[in-house]
Every structure is written in structure tokens, then in C-alpha cells.
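The structure appears right after this line, and notes come after that.
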Amino acid sequence: MLKGHQSWIFENKPVIRSTATVVGPFEGRGPLAEDFDIVHGDSTLGQDSWEKAERTLIEEAAKLAIESGGLTKEQVQFYIGGDLMAQLISSSFAARTLSIPFLGVFGACSTSMESLALASMIVNSGSAKFALAGTCSHNSSAEKQFRYPTEYGSQKPPTAQYTVTGAGAALVSSEGEGPVVTSATIGRVIDMGITDPFNMGAAMAPAAVDTIEAHFRDLGVEPGHYDLIVTGDLAKVGYEIASELFRKHNIPMDQTEYSDCGMMIYDYEQQMVQSGASGCACSAVVTYGHLLKRMRKGELKRILVVATGALLSPISYQQGESIPCIAHAVSIEAGGVSS
């Protein structure tokens with residue numbers, strides 16, 4: 001299953017049996033609104049704290065993904081998930097509600113593909129028949145923990161990104177109908193010395209390029225192997241830096257379409273999001289909602305999703321540490337019926 005130095009080939013092609021995406025009202029006003037399963041009209045979701053609202057997002061997404069896959073939660077062997085909150089409270093408390101054996105992971109905003117890669121590996125190896133991968137984020141809970149509470153009304157620089165309020169979940173199965181996960185490349189931690197938490201795109205871009213380069217090297221493919229390569233949440237600033245790094249490293253990205261989830265979910269003309277989107281839910285809802293729907297329609301046959309994450313914490317930032325970053329890549333192909 002190991003291919004090259006840091007990639008896995010899933011020879012049994014685990015199936016993404018079903019997915020679910022749940023978002024807040026701001027995301028529901030963006031260009032991808034019709035691709036989400038549930039759009040809430042109130043970002044509190046009827047809860048008395050932002051953290052409880054975030055937990056509700058992932059609980060809803062997980063339950064809907066399981067139901068859409070024709071299963072009950074008792075049939076799912078493992079739930080792999082994580083989020084941005086300290087001690088993964090959104091995912092851990094949701095796992096308490098779901099009562100599914102839980103593996104908590106933290107990759108910051110790369111968690112969507114980290115959890116999908118691990119779920120696929122577990123299913124591919126025969127260690128489970130059904131595994132659920134999921135992640136979530138909430139704009140107000142993330143702002144409160146990592147920057148300034150929304151109520152503070154602080155000004156944001158043009159490099160800043162807007163944390164997506166939402167959750168995405170994917171039910172991975174050893175059999176069934178749907179897109180299949182064919183490989184994953186696990187990224188290295190890359191730190192270019194950036195210390196500004198309002199410039200996450202610049203911090204994460206080198207990690208995205210490093211993982212993509214490793215993926216091509218390990219699998220012996222070029223960008224043209226994919227109909228679309230999409231990074232997680234570099235947004236405008238990080239996307240431009242990554243594009244320049246591809247040119248510098250002689251990676252022929254012009255062979256395919258290259259985009260970024262952080263630039264897709266919001267309308268730059270109508271929504272004030274500075275550089276674009278970020279958050280664990282960014283790549284999760286764009287992939288599990290928009291991209292896989294395009295794949296099911298036959299518009300895409302093979303995609304590479306490279307979720308990016310900044311591994312800082314409030315403590316490391318306050319102590320003047322730089323921002324280490326990581327990116328995990330998962331390749332997904334249109335599939336038929338697997339058994």
C-alpha cells in the first residue's frame with residue numbers, strides 16, 4: 001500500500017458511499033449554496049454558545065451522511081474527525097452523541113483530507129467495513145480562540161481570511177456505489193518563519209506545494225493526470241504564492257485546472273471576506289458538496305484535493321512562535337459499483 005516515501009495506494013478503492021454538508025447563513029449566500037445539504041438561517045443554530053453551535057453542525061452532517069448511506073450509526077465501526085477548537089471539543093462532544101468508536105485527529109484546516117485518508121486506509125485494509133470522516137469550523141468560535149471575538153469588531157488586513165461556518169462528513173465503505181478514493185499523500189510540516197496569524201495563505205502555500213510535488217514524485221504522475229487539482233484554503237494570497245512556487249519548481253500545472261476552495265465558496269464582489277475563506281469546513285464542504293456533485297454529474301473524472309492547515313495555537317502565537325503548516329492530498333475518481 002505504501003508508494004514512494006509518503007503516499008498510500010488504496011488498491012481496494014474504498015467508496016465514498018455518501019456525504020453531507022451543513023453550512024451557516026453566510027455560506028448560504030455564496031455561489032455554491034445549492035450544493036450544500038443544509039443551510040442554516042441563524043449562525044447560533046439555536047444554541048447559547050458558538051462552540052455548541054459548531055458541535056451541532058458536525059452532529060447534523062455526520063447523522064445525515066450515515067442516513068444518506070442507508071445505514072444506522074450502530075453499523076459504522078469508526079468515526080475519524082477533528083476541528084480547530086482546543087482539545088477537539090466539537091468533534092469529541094459530537095462523538096459522545098454519535099456513540100461511534102472515535103479517533104480524534106488534528107491537522108487544522110487540513111483535517112478534512114487527513115480524516116478521509118485515514119478512513120480510507122482503515123477500510124482499504126479490511127479493518128472496517130464502514131468508517132466516517134468529518135470535520136467542522138465556525139467563524140465566531142475560531143475568531144474568539146485564534147484572533148479577536150467577532151463582537152470586538154477589529155479591522156482585518158487584506159491578507160486575512162474568513163473562517164467558514166459549516167461541517168462536512170463522508171461515509172467511506174468497502175462496497176457500494178459512488179466515487180472511490182485511490183490514493184493519499186501525507187504531508188510534511190513546513191515552516192517558512194511567518195508569524196502573522198492574519199496571513200495564513202502565505203504560511204500554508206509552501207506546504208501545499210511540497211505535498212503536491214511529493215504526490216507526483218511518489219505516484220509517478222503529472223498534473224495532467226487529474227481533471228482538477230484543488231488546494232484547501234490558501235485563498236487569493238496563498239493561491240498566488242503557490243502558483244509562483246509551481247513555476248519556480250517547474251511543476252507543469254498548466255496541464256490541468258488548478259483552483260482553491262478558499263476562493264470558491266464566497267462571492268468576492270458581494271461578501272467581505274478579504275483574501276477568501278479558511279477553516280476546517282472550507283475544503284470539507286466544497287469537496288463533499290460542490291466537487292463530488294460535479295463528479296457524480298460526470299463533469300469530473302479524477303481530482304486531487306490538497307487540504308492545507310496552519311498548526312499554530314493561541315499559546316504558540318502569544319509566545320512569538322512562527323506558524324508550522326501541513327497539507328494532505330487525497331485523489332478521488334468517479335466510480336461505479338464496488339464490491
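Predicted model, so just to flag it, every value in this text is computed and none were measured.
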> Are any side-chain N or O atoms of S174 and backbone N or O atoms of V123, one a donor and one an acceptor, separated by less than 3.5 Å?
Replying inline: no
> Ignoring hydrogens and geometry, is there a side-chain-to-backbone donor-acceptor pair from E222 to P252 under 3.5 Å?
Replying inline: no
> Just checking, is any N or O donor in the side chain of T308 or T231 under 3.5 Å from an acceptor N or O on the other one?
Replying inline: no
>> Can you confirm whether L45 sits close enough to L57 that some side-chain heavy atom of one is under 4.5 Å from a side-chain heavy atom of the other?
In response: yes
> Would you say the side-chain atoms of D233 pair up with the backbone N or O of G279, donor to acceptor, closer than 3.5 Å?
Replying inline: yes
> Within a reach of under 6.0 Å around NE2 of H249, are more than 12 heavy atoms found that belong to other residues, nucleotides or ligands?
Replying inline: yes
>> Here's a test for you: under side chain to side chain contact (heavy atoms under 4.5 Å, CB included), which of T256, V305, D260 qualifies with I229?
In response: T256
> So do H40 and T165 actually touch side chain to side chain, heavy atoms under 4.5 Å?
Replying inline: no
> What distance separates M264 CE from H290 NE2, expressed to the nearest 0.5 Å?
Replying inline: 4.0 Å
>> For E34, is the CD atom crowded, meaning more than 12 foreign heavy atoms sit under 6.0 Å from it?
In response: no
>> If you define the side chain from C-beta out and look only at heavy atoms, does anything of E11 sit under 4.5 Å from M1?
In response: yes
>> Starting from Y79, can I reach L103 by hopping between I/L/V/M/F/W/Y residues whose side chains sit under 4.5 Å apart?
In response: no
> Is there side-chain contact between K3 and W8, with heavy atoms separated by less than 4.5 Å?
Replying inline: no
>> Checking T135 against S112 for the side-chain hydrogen bond (donor to acceptor under 3.5 Å, both in side chains) test, could you report, in this order, the C-alpha distance in whole Å, the side-chain angles of both residues, the deciding distance, and whether it holds?
In response: CA-CA 6 Å; T135 189; S112 64; over 6 Å; no
> Do the side chains of K73 and L132 get nearer than 4.5 Å, heavy atoms only?
Replying inline: no
>> So that I can tick it off, tell me whether E175 and K129 are bridged by a salt bridge, with the cut-off set at under 4.0 angstrom between side-chain N and carboxylate O.
In response: yes
> Where is the tightest heavy-atom contact between L64 and D37, given as atom of each residue plus distance?
Replying inline: CD2-CB, 3.6 Å
> Looking at side-chain heavy atoms only, is the closest gap between D218 and H5 below 4.5 Å?
Replying inline: yes
> What are the two closest non-hydrogen atoms of P179 and R296, and how far apart are they?
Replying inline: CD-NH2, 3.9 Å
>> Using the rule given for side chain to side chain contact (heavy atoms under 4.5 Å, CB included), can you reason through H138 versus K52, listing the C-alpha separation, both sets of side-chain angles and the distance that settles it, and then say yes or no?
In response: CA-CA 10 Å; H138 194 294; K52 290 180 181 178; over 6 Å; no
> How long is the span from the OG1 atom in T287 to the CG atom in D35, to the nearest 0.5 Å?
Replying inline: 11.5 Å
>> Is it the case that atom CD in Q87 sees more than 12 heavy atoms from other parts of the structure closer than 6.0 Å?
In response: no
> Which distance, rounded to the nearest 0.5 Å, do you find between the CE of M113 and the CG of L118?
Replying inline: 11.5 Å
> In the single-linkage hydrophobic clustering (I, L, V, M, F, W, Y; side-chain heavy atoms under 4.5 Å), do I265 and V237 co-cluster?
Replying inline: yes
> Of all heavy-atom pairs between L304 and Y226, which one has the smallest distance, and what is that distance?
Replying inline: N-CD2, 3.8 Å
>> With rounding to the nearest 0.5 angstrom, report the CD1 to CG distance, I212 to L245.
In response: 10.5 Å
>> Walk me through whether V181 and K13 qualify under side chain to side chain contact (heavy atoms under 4.5 Å, CB included).
In response: CA-CA 6 Å; V181 182; K13 296 186 177 180; over 6 Å; no
> Do Q161 and S275 get their side chains close enough for a donor-acceptor pair, meaning under 3.5 Å?
Replying inline: no
> Does S322 offer a backbone N or O that forms a donor-acceptor pair with the side chain of T195 under 3.5 Å?
Replying inline: no
> Is there a donor-acceptor contact under 3.5 Å from the side chain of Q75 to the main chain of T72?
Replying inline: yes
> In the single-linkage hydrophobic clustering (I, L, V, M, F, W, Y; side-chain heavy atoms under 4.5 Å), do F26 and V285 co-cluster?
Replying inline: yes
>> The test is side chain to side chain contact (heavy atoms under 4.5 Å, CB included); show your working for L292 and I332 and say whether it passes.
In response: CA-CA 9 Å; L292 291 193; I332 305 172; 4.1 Å; yes
> Does the side chain of T185 reach to within under 4.5 Å of the side chain of F216, using non-hydrogen atoms?
Replying inline: no
> If you draw a 6.0 Å radius around CD1 in I315, do more than 12 non-hydrogen atoms from other residues or ligands fall strictly inside?
Replying inline: no
> Taking everything shown except M253 itself, do over 12 heavy atoms lie less than 6.0 Å from its CE?
Replying inline: yes
>> Are F246 and M192 linked, directly or through intermediate hydrophobic residues, by side-chain heavy-atom contacts shorter than 4.5 Å (ILVMFWY only)?
In response: no
>> Any side-chain to backbone donor/acceptor pair from S313 onto S316? Under 3.5 Å, distance only.
In response: yes
> Which of these, S91, S141, S137, sits in a side-chain hydrogen bond (donor to acceptor under 3.5 Å, both in side chains) with D83?
Replying inline: S91
> Given K236 and Y268, is the side chain to side chain contact (heavy atoms under 4.5 Å, CB included) satisfied, shown in steps?
Replying inline: CA-CA 10 Å; K236 281 184 178 180; Y268 281 101; 3.4 Å; yes
> Just by modelled atom types, is the A208 backbone N or O under 3.5 Å from a matching donor or acceptor in the T211 side chain?
Replying inline: no
>> For D210, is there any backbone N or O sitting under 3.5 Å from a side-chain donor or acceptor partner on R188?
In response: no
>> Once rounded to the nearest 0.5 Å, what's the spacing between atom CE of M200 and atom SG of C325?
In response: 6.0 Å
>> For a quick test of reading the model, state the closest non-hydrogen atom pair linking T163 to Y266 and the distance between them.
In response: O-OH, 4.0 Å
> Given side chains that start at C-beta, do those of L311 and I326 come closer than 4.5 Å, heavy atoms only?
Replying inline: yes
> With distance as the sole test, does E27 use its side chain to make a donor-acceptor pair with the main-chain N or O of V39 at under 3.5 Å?
Replying inline: no
>> Let's go through S183 and S331 carefully: what are the C-alpha distance in whole Å and the side-chain angles of both, what is the deciding distance for side-chain hydrogen bond (donor to acceptor under 3.5 Å, both in side chains) to 0.1 Å, and is it a yes or a no?
In response: CA-CA 5 Å; S183 68; S331 62; 2.4 Å; yes
> Do you know which two heavy atoms are closest between V330 and A117, and how far apart they sit?
Replying inline: CG2-CB, 4.0 Å
>> Can you give me the closest heavy-atom contact between W50 and T44, atom names plus distance?
In response: CZ3-CG2, 3.8 Å
>> Return the CG to CE distance between L228 and M295, rounded to the nearest 0.5 Å.
In response: 8.5 Å
> For the hydrophobic clusters of this structure (ILVMFWY residues joined by side-chain heavy atoms under 4.5 Å, transitively), does one cluster hold both L291 and L171?
Replying inline: no
>> If we ignore hydrogens and angles and just use 3.5 Å, is the side chain of T111 paired with the main-chain N or O of A108 as donor and acceptor?
In response: yes
